[in-house]
Amino acid sequence: MTIPTKSESHLTNFIRNIIDEDLSQQKWSARQKLVGSSHLIQTRFPPEPNGYLHIGHAKSICLNFGLARDYNGICHLRFDDTNPEKESLEYVESIMDAVHWLGFQWGTHLYYASDYFEKLYQFAEWFIQQGKAYVDSQSADDMRGTRGTLTEAGQDSPYRSRSVEESLRLFREMRAGKHADGAHVLRLKIDMASPNMNLRDPVIYRIRRAHHHRTGDKWCIYPMYDYTHCISDALEHITHSVCTLEFEDHRPLYDWVLNQLADGGFFHRPLPQQIEFARLNLTYVVTSKRKLQQLVQEALVDGWDDPRMPTLVGLRRRGYTPASIQLFCERIGVSKADSWIDYSVLEQALRDDLDPIAPRAVAVLNPLKLIIDNYPAGQSEPCHAPVHPHHPEQGQRTFSFSNTLWIEAEDFCEEPPKGYFRLFPGNKVRLRYGYVIECTGCAKDVHGNIIAVHANYIPDTKSGTPGADSVKVKGNIHWLSAAHALKAKVRLYDRLFLDPQPDSGGKDFKTCLNPDSVKIVQAWLEPTLERSRREERFQFERHGYFVSDRTDSKREALVFNRVATLKDTWK
Ligand code: ATP
Ligand code: MG
């Protein structure tokens with residue numbers, strides 16, 4: 001597996017331009033020295049552990065870890081774990097696995113927002129003491145009712161003028177568990193008339209008696225995302241806080257909170273800079289954790305790692321390589337404009353990664369018997385093929401020729417259409433790496449189904465021998481000796497959805513599931529695959545790229561998944 005440690009192309013994008021400019025101005029140097037950091041930049045990838053990571057997250061991971069790699073920086077892995085009801089250790093572990101698998105390391109820089117709960121709480125008390133936060137005791141409905149709209153200012157809560165002492169007492173009681181869930185919230189006191197809704201006294205704490213996977217039952221109040229995120233960035237000395245565009249309107253709040261705390265002497269300037277980029281939208285998949293969870297829970301797929309899922313565990317099991325996903329993320333680039341990326345771009349990245357490195361092998365996926373009538377029964381001889389056509393140093397594979405072979409049913413046609421060069425009565429083709437044969441006819445069962453094809457081989461035409469080219473043919477087909485081939489289960493995957501944008505325009509994404517997204521066939525494989533390892537990838541000649549399933553491929557039963565066809569055939 002080749003994981004580029006440095007990006008292949010030298011990338012530029014607007015975020016790199018910002019960093020280049022920052023570095024030329026030495027924007028962060030003094031602050032980094034003050035906080036004792038030797039890194040030129042510090043980024044972070046901040047997943048919420050409420051599901052498995054998907055291809056959209058890969059874009060963010062490659063971006064954040066890629067920036068750190070290329071600018072002598074460090075990228076933190078930070079779990080944004082402030083919603084205990086939806087989060088779990090299972091998700092934490094799966095996220096760590098996925099980031100490592102993609103090829104990135106956070107070293108000692110693993111953080112949890114929950115580790116900051118005490119600090120976040122102390123800052124909240126400070127905001128109250130400064131007269132910049134208050135406990136609001138309105139019902140959620142009342143709060144919604146006074147929030148205003150995009151065109152109308154909101155109204156002050158009757159509790160906005162609560163004294164500092166009363167708010168502080170209530171907030172401490174909230175922490176101590178003296179109030180019911182939902183009875184009070186803590187809000188920042190900013191501006192109920194702000195044109196930016198996020199600045200209309202945002203709620204920063206709510207009461208939730210929920211067990212947290214790391215802090216247990218220690219807390220019954222939990223901080224909100226907007227409040228937690230910016231403070232976590234500042235505590236970790238992040239320089240560039242890169243996030244998706246939907247947070248653009250939250251940036252004034254991000255800056256407001258940090259500026260207050262910097263004015264209070266808690267943080268050094270310059271403060272972390274939030275920069276937004278367009279999220280990845282990939283056709284034929286959904287990339288919302290909630291929707292992916294629905295697919296799993298309603299058993300519409302076989303789990304988070306179903307090879308049809310756009311989760312990183314799913315893509316891994318499907319056969320995608322870390323390098324192909326990194327390549328994909330480089331190719332799609334980073335911008336501020338929302339767009340859709342066609343699924344074929346991901347498949348092409350896989351092909352471009354695997355073509356130069358994947359060993360070749362023969363597989364017959366839709367077997368039909370071919371009988372070589374003039375080759376002695378019971379006799380066999382070795383044929384040779386390169387492990388990789390462009391890497392002779394990788395040597396040869398050897399498999400047997402005999403009088404009974406498997407070929408693809410599609411490679412025979414009794415009454416061929418124009419331009420069909422494969423087997424039909426009277427035609428000659430080359431058996432790849434073997435002999436030229438001439439088709440003599442076929443045998444049928446009582447229903448008229450073709451059960452075997454007959455042919456004669458032409459001695460002296462074996463590939464790699466001096467007479468190989470003595471008979472010219474237009475067709476070249478693959479085959480396996482029936483007595484030697486390995487039986488295997490091969491899963492031919494197709495797109496999970498039929499609609500390129502399954503969840504756009506208020507559609508129910510479950511109505512456009514592709515009923516034929518997987519086809520399982522009993523196939524025959526080249527005997528050399530007996531030694532294949534789980535998760536080993538091959539190019540099955542003429543068919544595409546396949547991987548030995550990392551879960552199901554056991555010694556007794558070979559199971560291969562099709563990652564992608566050789567060419568883009570989707571219509
Ligand atoms: P979902 O909406 O599916 O739950 P999320 O954005 O809430 O996803 P997080 O765990 O918060 O999930 O995401 C971690 C990081 O990954 C965030 O910085 C987020 O912006 C980024 N991210 C999530 N989805 C995408 C995407 N489709 N393209 C690029 N980055 C993404
Ligand atoms: Mg999120």
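All values derive from a computational prediction rather than experimental measurement. Computed from heavy atoms alone, side chains included, the values below leave out hydrogens, waters and symmetry copies. If you read the sequence from its start, that first residue is 1, and numbering goes on from there.
Among all heavy-atom pairs drawn from Thr215 and Tyr222, the shortest one is OG1-OH, 4.4 Å. Arg187 approaches Gln138 most closely through the heavy-atom pair NH1-NE2, 3.8 Å. Counting all heavy atoms, side chain and backbone alike, Ile61 lies closest to Phe104 at CG2-CD1, 3.6 Å. Scanning all heavy atoms of the two residues, the minimum distance from Leu350 to Ser324 falls at CA-CB, 3.6 Å.
Checking each of Gln274, Arg78, Gln42 against Asp233 for a side-chain hydrogen bond (donor to acceptor under 3.5 Å, both in side chains) leaves exactly one that passes, namely Arg78.
Under a 4.0 Å N-O distance rule, the pair Lys189/Asp201 does not qualify as a salt bridge. Under a 4.0 Å N-O distance rule, the pair Asp552/Arg317 qualifies as a salt bridge. By the 4.0 Å N-to-carboxylate-O rule, Arg208 lies too far from Asp181 to be salt-bridged with it. We find that Asp549 and Arg491 are joined by a salt bridge, their nearest charged nitrogen and carboxylate oxygen being less than 4.0 Å apart. Between Arg44 and Glu236 no salt bridge is recorded (no basic side-chain N to carboxylate O distance below 4.0 Å). Taking 4.0 Å as the cut-off between side-chain N and carboxylate O, Arg318 and Asp305 do not count as a salt-bridged pair. A salt bridge is defined here as a Lys NZ or Arg NE, NH1 or NH2 lying under 4.0 Å from an Asp or Glu carboxylate O, and Glu87 with Arg214 fails to meet this definition. A salt bridge links Arg316 to Glu535: one of the charged nitrogens lies within less than 4.0 Å of a carboxylate oxygen.
Under the 30°/60° scheme for interplanar angles, the aromatic rings of His184 and His179 are found to stand perpendicular. The aromatic rings of Trp256 and Phe127 lie parallel to each other, with less than 30° between the two planes, well short of the 60° mark. Taking the six-membered ring where tryptophan is involved, the planes of His109 and His39 are perpendicular, since the angle between them exceeds 60° and thus also 30°. Note: Trp219 and Tyr121 have tilted aromatic rings, judged against thresholds of 30 and 60 degrees for the angle between ring planes.
Around atom NZ of Lys27, more than 12 heavy atoms belonging to other residues, nucleotides or ligands sit under 6.0 Å away. Atom CD of Gln26 sits in a sparse spot, with 12 or fewer heavy atoms from other residues, nucleotides or ligands closer than 6.0 Å. For Lys336, the NZ atom counts as densely surrounded, since its 6.0 Å shell holds more than 12 non-hydrogen atoms of other residues, nucleotides or ligands.
When the salt bridge (Lys or Arg N to Asp or Glu O under 4.0 Å) test is applied to Arg175, the partners found at least two apart in sequence or on another chain are Glu118.
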Could you walk me through whether Ser344 and Asp342 pass side-chain hydrogen bond (donor to acceptor under 3.5 Å, both in side chains), step by step?
CA-CA 5 Å; Ser344 60; Asp342 198 81; 2.8 Å; yes

The test is side chain to side chain contact (heavy atoms under 4.5 Å, CB included); show your working for Gln32 and Thr239 and say whether it passes.
CA-CA 9 Å; Gln32 290 299 81; Thr239 55; 4.3 Å; yes

Assess the residue pair Glu125 and Arg172 against the criterion (salt bridge (charged side-chain N to carboxylate O under 4.0 Å, His left out)); give the C-alpha distance rounded to whole Å, side-chain angles, the decisive distance to 0.1 Å, and a yes or no.
CA-CA 9 Å; Glu125 283 207 353; Arg172 288 177 178 163; 2.8 Å; yes

I'd like to know whether Tyr343 forms a side-chain hydrogen bond (donor to acceptor under 3.5 Å, both in side chains) with Gln348, so could you lay out the CA-CA distance, the side-chain angles of the two residues, the decisive distance to 0.1 Å, and finally the verdict.
CA-CA 9 Å; Tyr343 195 80; Gln348 193 54 42; over 6 Å; no

Let me see the working for Tyr112 and Phe79 under ring pair (Phe, Tyr, Trp, His ring centres under 6.0 Å), right down to the final yes or no.
CA-CA 5 Å; Tyr112 294 84; Phe79 289 100; 5.3 Å; yes

